[in-house]
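Single-structure report; data block below.
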There are 2 protein chains.
Amino acid sequence: MFVMAFQKVQQLKRIILDNLLVNLVMFRSLETLIEAHKDVGREVYLDLENSSPIPSDIVEAMIPYFSEKAYGNPTITHKLGWMAYEEIQKASESVADYIGANSIEEINFTPSETESNNLALIGTALANRKKGNKIVVSEIEPLSIKFSTKMLEKRGFEVEKIPVDRNGFVNLEKLTKAIDQKTTLVSVMLVNHEIGTVEPIKDAVEIAKKKNPDVLFHSDASDAYGRIPVNVDELGVDLLTLSSYKILGPRGVGVLYVKEGVDVERLLEGQIGTQKLWPGVENVPLIVGFQKASELAFRDFEGSVSRMKKLRNRLKSGILERISGAVLNGPSGEKRAPDNVNISIPHCEGESLTIELSLKGVYVSSGSACTRAILQPSHVLTAIGKKFEAAHGSVLMKVTRYHTNKDIEYVLDAFPKAVKRLRMISPIKDGAD
Amino acid sequence: MFVMAFQKVQQLKRIILDNLLVNLVMFRSLETLIEAHKDVGREVYLDLENSSPIPSDIVEAMIPYFSEKAYGNPTITHKLGWMAYEEIQKASESVADYIGANSIEEINFTPSETESNNLALIGTALANRKKGNKIVVSEIEPLSIKFSTKMLEKRGFEVEKIPVDRNGFVNLEKLTKAIDQKTTLVSVMLVNHEIGTVEPIKDAVEIAKKKNPDVLFHSDASDAYGRIPVNVDELGVDLLTLSSYKILGPRGVGVLYVKEGVDVERLLEGQIGTQKLWPGVENVPLIVGFQKASELAFRDFEGSVSRMKKLRNRLKSGILERISGAVLNGPSGEKRAPDNVNISIPHCEGESLTIELSLKGVYVSSGSACTRAILQPSHVLTAIGKKFEAAHGSVLMKVTRYHTNKDIEYVLDAFPKAVKRLRMISPIKDGAD
C-alpha cells in the first residue's frame, strides 16, 4: 500500500515536473531559473521553517563584532578576549532572563538547534545511562530528535514513540504508560515546527515526574520562543532547545538550557571555552545577532504576536476560501502557534507548487524540508493521519511581524493561479475542480 | 615532580597577578579593564591562533547573504534555496580546486575545525571499526584531536601517540612501528598550530600505507592552508581539515575533505542538507565569507607568504635580541610556517605577560589557549621537551599579510617594557637580568 502510494506520487511528480520543465525549457541551469524571477511583482518569503532573511537591525548589530570589537576568543586574557567574554555573558544573561532560567550557567550556546537537540538526547541519555536505558519521545519531533533516537537505539537504548491525535497533540495517557523506572529522558517539543501544535508540556512534565521523579524532561522550544510564553520554571522542564534563525537571528547559534544539577555528556571534544557542553571558539558576532533577535522579538511581544496572528489568519482563511478541497493541517485557535499555516492542497504535488509559487515571487516549502535526493512525506503529517498524497500536497508557511497586509494579499492572488495551473497539468482530476 | 612544578607555577602566577591587580586596583570589572586600553598608541592583534578580526572585504562579501540574496535553505526548491545551493556549490568547487580535490563531493562543510577533527577521528574510526580498532596520532595534535582519541578509548579503541623531536617533527620510525594490521587511521597535522612545525606528511603517508595499505590518513591542515602549498593528491591523505577563521574568514565554518570511497560515520543526526556528513541548515553567509577569505589568501599567495615571512622574521629576531634568555620554540627556516612565532621568556609567567601586553595594545596568547578555569601548560611545548615553567612562560603570535612594519616595530618597543615590569615584580630572579 505504502509502496503503491509512493510510486503513484513519484509518477505524478514526474509528470508535473516534466510539464513544468516544458514551460521552463529555457532554464538550462539554476542560474537562468533564478533569472526568471526578475520580473515578479513582489517577493514574499514565507519559508521561515527552513531559513530566514535577517532584519537589517540584527545584521547591523553583528557587523562590528566581526572586525571592530570583541573579536577575540573569550577565554583569552587580553582586551579582545575580555570584550568577547563580556558579550557572551551578556547574551547568556539575556536569554536566561527571557526563559526564566536561574543562572547563566544553565545556558549553553551550540552551533544550532540540530546540535542542541543531539546534545539533549544523546548527551543526556549517555550521562544518565546507569539509571536506565529507556527514552520516550513523541511521534512528531523534528528530525534532529527523531534521528538521534536511532543513534541511541544502535547504542543499546530502548526508544518508545508516543502517538499524537489528528491535530498533533501528544497522547498523555500513552505517555504516562510509557514511562517506567528505567526511563531517564522524555522529549516532547513545545510547538510543532510543521503544524504549529502547542503541546501540553506542563501537564506532560507533571505526569512524567509523578510516574518517575528521576525522569528528565527535554523540550525543543525553537518554534515557541518569541511566539508563545516560554518559561522553564513554569513548564518544569530540565532541558530546553532554542534556535537563533527561528526568531530571525543568524544561522549558526542554538541554545541548550540545562537545569543546574542535570548531567549531560559532551558529544564532541576540543578546546573548552566558556561553553562547557560544546567545544571550540564561541561565535561572538552570531551570538550578538541572536541576542539582538531576542531583544526585538520581546520588545513588544504581545503586539508582535497579535500582528502575526492577524496576518496568519488572513493568509490561512484566504487560501482555504480560494482553493477547493484545501484543508488546514494542525489545530485552530489558541493551541496553534501564531505564525504557522500548513495546508494540504488536493491534486497538487507540493514541491511542484513551491516551484510554481517561486516563479511568482512567493517562497514556501512543501511539508517538511525534503532534500533534493529523498522523496518522502513529512513524518509529522503522516503521524496525524494524513494520507501519503495529502502529506505530499501540503504547503508550509510562517509569517513574521515584518510581513504586511500587502504581502498577504499578493500571496492570496498568486496562490490560486499557481494551483490552477498545476491542476490543469495534473493527470489526476477526480473530485478536484 | 609535576605536582611540585605545578604548585610553583601557580604560586608564581598568583603573586604576579596579585601584583598586577595592585596596579589595576581601579579595574573592578572587565569593563573598566577594557576602558584602560583607550589611550594605547596602537593596537596590534597577533593572537591569530585563537580568533581573528575579519578583513573588511570579507565582511562586505558576507553581508548581502544575510538578508538580500541566497538566504534560503539550499535543499528547498524556490529562488532563495536555489541561490543558496549555487553559492554552496561554488564555494565547494573553489575549495576543492585550492586543495586539489577531485570533486566537490569530497568537500564537507562543518561548523568549525573542532567538528571537522571530531568527525575525522571518531566518524572514521567508527565507520571502519570492522577492519581494526587501533588509531595512531602524534603527540602534538590540537585538542580537538587529542581529546577525541580519549572518547575513542572509552569506546574500546586503542590509541598510540607518536612522540616528536625537540622541534616538533614527528618520529617517522616510531610511526612505522606503531602501524599494524589492525590500525585503521593515522592523524598527523600538516602544520603545528603552536610552534609552526611543517610535518613530513607526504613521507608519513607513504610509510603508513607501505606498512598497511588499508590505513587511512588524516591531516589537520588548518594552520597550513594559505601559508604553505596544500594538495591532497600530492600529500596522499584521505582526510584533511581546514578552518575558516585560521585564514581570516568568519568563525563558524570548517571543512573536512574526505576522499571518494572513504567511509565516515556521522556523529550527529538531523535534517540532511547538501552536506552529507553534517546535519542542519548550511550557513551560507559564513561559507561565502570563507570562500572570499580563501580567494584573498590565494590571490597573490607567494607575495603574501613572503610578506608574512619578513614580518615574522623581524618580530622573532627583534624579541630574541631584546629579551635576555628568550628562546624560540619550534624549528627555524623553511620547515616552519611563515606566520608563526612562539617564544619562551624565562622568569615571566605567560598569562600575566598577555595582560601586560594587552594594556599596551599588543594582543598575544600564552602557549596554547588555556581556559580561565584550567591552568595547564601546552601539551605541545611539553612534548618538545620544554620544562613546565618554560612552557608557561611562552608567548604565541602569528602575523598576517595585513600587518605592517610599523605594527612590528610597535610590538618590539612594547614587548621588552612589559617583560621588564613583570620581571621586576617576579619573585624569581635567578639568571634573569
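What you see is a predicted model, and the numbers here were worked out from it, not measured in a lab. By convention in this document, chain letters (A, B, ...) are assigned in the order of the sequence lines, proteins followed by strands, and residues within each chain are numbered from 1.
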Handout entry: side-chain contact (heavy atoms from CB on, under 4.5 Å) evaluation trace for A:Glu113 with B:Val281
Key = CA-CA 10 Å; A:Glu113 177 188 0; B:Val281 187; over 6 Å; no
Fill in the blank from the handout: Bottom line for A:Leu286: the part with an atom under 4.5 Å from chain B's heavy atoms is side chain
Handout entry: Side chains of B:Arg155 and A:Arg155 in contact at under 4.5 Å (non-hydrogen atoms)
Key = yes
Handout entry: B:Thr77 backbone acceptor or donor facing A:Thr354 side chain under 3.5 Å
Key = yes
Practice task
Would you mind telling me which of A:Asn117, A:Thr114, A:Leu80, A:Asn118 has the largest number of heavy-atom pairs within less than 4.5 Å of chain B?
Solution key: A:Asn118
Completion exercise
Most heavy-atom pairs under 4.5 Å with chain B, out of A:Pro250, A:Ser112, A:Ser67, A:Gly361, belong to A:Ser67
Exercise for the section: Please state whether the side chain, the backbone, both or neither of A:Gln89 comes within less than 4.5 Å of a heavy atom of chain B. Expected result: neither
Problem - A:Glu115 side chain reached by B:Leu268 side chain, heavy atoms, under 4.5 Å - result: yes
Exercise for the section: Just say parallel, tilted or perpendicular for the rings of B:His78 and A:Tyr45, cut-offs at 30° and 60°. Expected result: perpendicular
Handout entry: Heavy-atom pair of closest approach, residues B:Ser51 and A:Gly72
Key = OG-CA, 3.1 Å
Problem - Partner chain B: residue of A:Ile122, A:Ile58, A:Val364 with the largest heavy-atom pair count (under 4.5 Å) - result: A:Val364
Practice task
Could you look at A:Ser56 and say if it's the side chain, the backbone, both or neither that has a heavy atom under 4.5 Å from chain B?
Solution key: neither
Problem - Point-to-point distance, once rounded to the nearest 0.5 Å, from CG of B:Leu30 to OH of A:Tyr85 - result: 7.0 Å
Problem - CD/B:Glu153: more than 12 non-hydrogen atoms of other groups inside 6.0 Å - result: yes
Problem - Side chains of B:Arg266 and A:Phe147 in contact at under 4.5 Å (non-hydrogen atoms) - result: no
Exercise for the section: Determine whether B:Val40 and A:Lys79 make a side-chain contact, defined as any pair of heavy atoms from C-beta on separated by less than 4.5 Å. Expected result: no
Problem - Contact origin within B:Met83 toward chain A - heavy atom pairs under 4.5 Å - result: both
Completion exercise
Interatomic distance, CH2@A:Trp82 vs CD1@B:Ile355, rounded to 0.5 Å, equals 5.0 Å
Fill in the blank from the handout: Given A:Lys146, A:Lys150, A:Glu282, A:Lys69, the one with more heavy-atom pairs under 4.5 angstrom with chain B than any other is A:Glu282
Exercise for the section: Using modelled atom types only, decide if a donor and an acceptor are shared between the side chain of B:Arg251 and the backbone of A:Pro285 within a distance under 3.5 Å. Expected result: no
Fill in the blank from the handout: Rounding to 0.5 Å, atoms CG (B:Asn73) and CD (A:Glu49) come to a distance of 9.0 Å
Problem - Close side-chain approach of B:Leu267 and A:Leu267, heavy atoms under 4.5 Å - result: no
Problem - Structural part of B:Pro279 lying under 4.5 Å from a heavy atom of chain A - result: both
